[in-house]
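Owing to the predicted nature of the structure, the values given are computational and were not obtained by experimental measurement. We count ligands from 1, going down the list as the structure has it; atoms in each ligand are counted the same way.
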Amino acid sequence: MGKLTKFIAILALPLLVNCKYIGSYKKDSVKYDTCDLSQSLLNEIHSYEETANTIINTIVNGKYKGGTYKELAKFVDKFGARLSGTQNLENSIDYMLELMRANNLDNVHGEEVYIPHWIRNEEHAELLEPRSAKLPVLGLGSSVSTPAEGIEAEAIVVTSFDQLKLENVSQAVKGKIVVYNEEWTGYGGTVQYRSRGASEASKLGAVASLVKSVTPFSMSTLHTGEQDYEDGVVPIPTASITKEDANMLQRMQDRGDTIKLKLVLNYTQYPDSKSRNSVGEIIGSSLPEKVVLVSGHIDSWDVGVGAMDDGGGAFISWYSLAILKALGLRAKRTLRAVLWTAEEPGLVGWAGYNATHFHELDNFTFVMESDEGTFTPLGIEYAAGVKGGCIIKEILKFLAPINASQAQYSTGGVGSDISAWTQSLIPGGSLLNANEKYFWFHHSPADTMDVLDPDDLDKATAVWAVVSYIIADLSEEFPRERDQINIEALNKLQTDPQVKLVHNKQ
Ligand SMILES: *[C@@H]1O[C@H](CO)[C@@H](O)[C@H](O)[C@H]1NC(C)=O
Ligand SMILES: *[C@@H]1O[C@H](CO)[C@@H](O)[C@H](O)[C@H]1NC(C)=O
Ligand SMILES: *[C@@H]1O[C@H](CO)[C@@H](O)[C@H](O)[C@H]1NC(C)=O
Ligand SMILES: *[C@@H]1O[C@H](CO)[C@@H](O)[C@H](O)[C@H]1NC(C)=O
Ligand SMILES: *[C@@H]1O[C@H](CO)[C@@H](O)[C@H](O)[C@H]1NC(C)=O
Ligand SMILES: [Zn+2]
């Protein structure tokens, strides 16, 4: 959660819920987030109460109880990891298309796209000095290999790019292995060391780079992930090491020890191979061209089994449509489940889909993706304007029985694959969930079914089904306007509680 969003969340709660909590605020002094939907729209939303309860109950207490977990477990136990470019990923896609057909979803098909195919052959790392030890190591996606005999070199540990660029450090890097011992400051900031670390080190003449696994917590866990060589840099081999080992190497350096490492890293980058985004629909009854899209990505890293990232998101998307279909619920607009391929190497499946569907995006009413965990659901994080937010809030009141009624405004986009769409063009939502531990498991061997909970997955499927169905069925089109909260006024409010918060229509 960004600083601002956190601030908005903290701020909004007492202000919105009940005026008596406002205390010394004048009742009308804060306009932020007061909803004034028309009575007819409110009435229409409220008319879904029985349907929403039916959906929630059949999923959480009824016929489908435990179903999302059971189906996902069957899937990950059958296929395991689903790395981009592998036949195994394609087999898992065939399986999902088959399931969607078995559910009698409409228009079930795969849409072709070419995706990266990089695989890990062999990798080991050794500390040679100041003492001898094996260091667990896990290569980063798209890394080149070391020569067959490996690389032996001195290591230099840095805690940041700024430190790397200090004159005395940058001059010492040539011919060495750069070890990033960055501090965890949240994923967005910390992941830079994984994605750009090799390029930055290579520019200064390093022969390889290692990065402390990108995670806030470790039990000697290794975390992989994609990295990108900047155009024009000499590609150098790059891998992650454990948080514990990065800290140890730092201590050794701080004591003045010379650190010597040996790396043998062997990967293969094959030409791009053919894959598919998997699509299944419930075609709309009266506005079939209009689309509400629910999604998650089906590919995973090659360690762990991608149960959390993003089996959970893919499965709540597939299963909510399967259940709506089984309940005989057909919305006015088309509900479309998309299981993205090759998210991990850089939203590659989405990019292909965006290119072929760009002409159709005007008719995308609302897009959803769950790719930040399916832990205990809290509600929806949304990218939409004031009125859209109010509609989501009103719908989420139906999720009160499962404590998932929070609507959290995102100042940017939401989701991973759908982030470019939701940053600018299309209103959308992602699953707000108690995912504080998400990055403990992310891209690591620990991403298994044990991370997930059957009841939480049921609730997540229920949130997904209720929100997507009602938005797809409302007679009024979900508003596209993306009003911006007046951030300046919001910042002022920190010091001046009397300041009036306004929405700037753009
Ligand atoms: C990587 O390993 C493969 C066998 O797994 C071998 O054929 C190849 O030569 C190795 N490449 C390098 C650069 O060591
Ligand atoms: C580089 O200089 C800084 C002070 O400017 C010093 O703290 C640091 O230890 C030096 N690093 C190396 C590798 O010499
Ligand atoms: C999506 O596709 C359109 C049309 O090809 C293209 O102009 C746009 O740049 C794409 N968006 C992204 C973020 O790649
Ligand atoms: C969008 O939907 C409208 C009908 O609602 C249809 O006339 C139009 O052709 C669609 N546009 C695209 C680009 O698919
Ligand atoms: C909702 O939260 C309340 C209070 O924390 C708790 O007692 C209740 O069991 C929760 N309900 C569900 C369905 O999780
Ligand atoms: Zn993911």
>> Any N/O/S atom from His442 (main chain or side chain) under 2.8 Å of the Zn ion (ligand 6)?
In response: no
>> For a distance under 2.8 Å, tell me if Asp371 has an N/O/S atom near the Zn ion (ligand 6).
In response: yes
>> Among all protein heavy atoms in this structure, tell me which lies nearest to atom 10 (C) of ligand 2, with the distance rounded to 0.1 Å.
In response: Asn168 ND2, 2.4 Å
> What atoms in ligand 4 come closer than 4.0 Å to a heavy atom of His359?
Replying inline: 13 (C)
> For ligand 4, which atoms, with element, lie under 4.0 Å from some heavy atom of Asn363?
Replying inline: 1 (C), 2 (O), 3 (C), 8 (C), 10 (C), 11 (N), 12 (C), 14 (O)
Would a search of protein heavy atoms around [atom] find one under 4.0 Å away?
| atom | result |
| --- | --- |
| atom 7 (O) of ligand 2 | no |
| atom 14 (O) of ligand 4 | yes |
| atom 4 (C) of ligand 2 | no |

Mind checking whether [X] and [Y] have parallel, tilted or perpendicular rings, split at 30° and 60°?
| X | Y | value |
| --- | --- | --- |
| Phe364 | Tyr353 | tilted |
| Phe315 | Phe75 | tilted |
| Tyr438 | His442 | tilted |
| Phe439 | Trp184 | tilted |

> Taking the six-membered ring where the residue is Trp, are the ring centres of Phe161 and Tyr193 under 6.0 Å apart?
Replying inline: yes
> Between the side chain of Arg120 and the main-chain N/O of Gly139, is any donor-acceptor distance below 3.5 Å?
Replying inline: yes
> Is the backbone N or O of His297 less than 3.5 Å from a side-chain atom of Asp371, with the two atoms forming a donor-acceptor pair by type?
Replying inline: no
> Which is the closest N/O/S atom of Asp309 when seen from the Zn ion (ligand 6)?
Replying inline: OD1
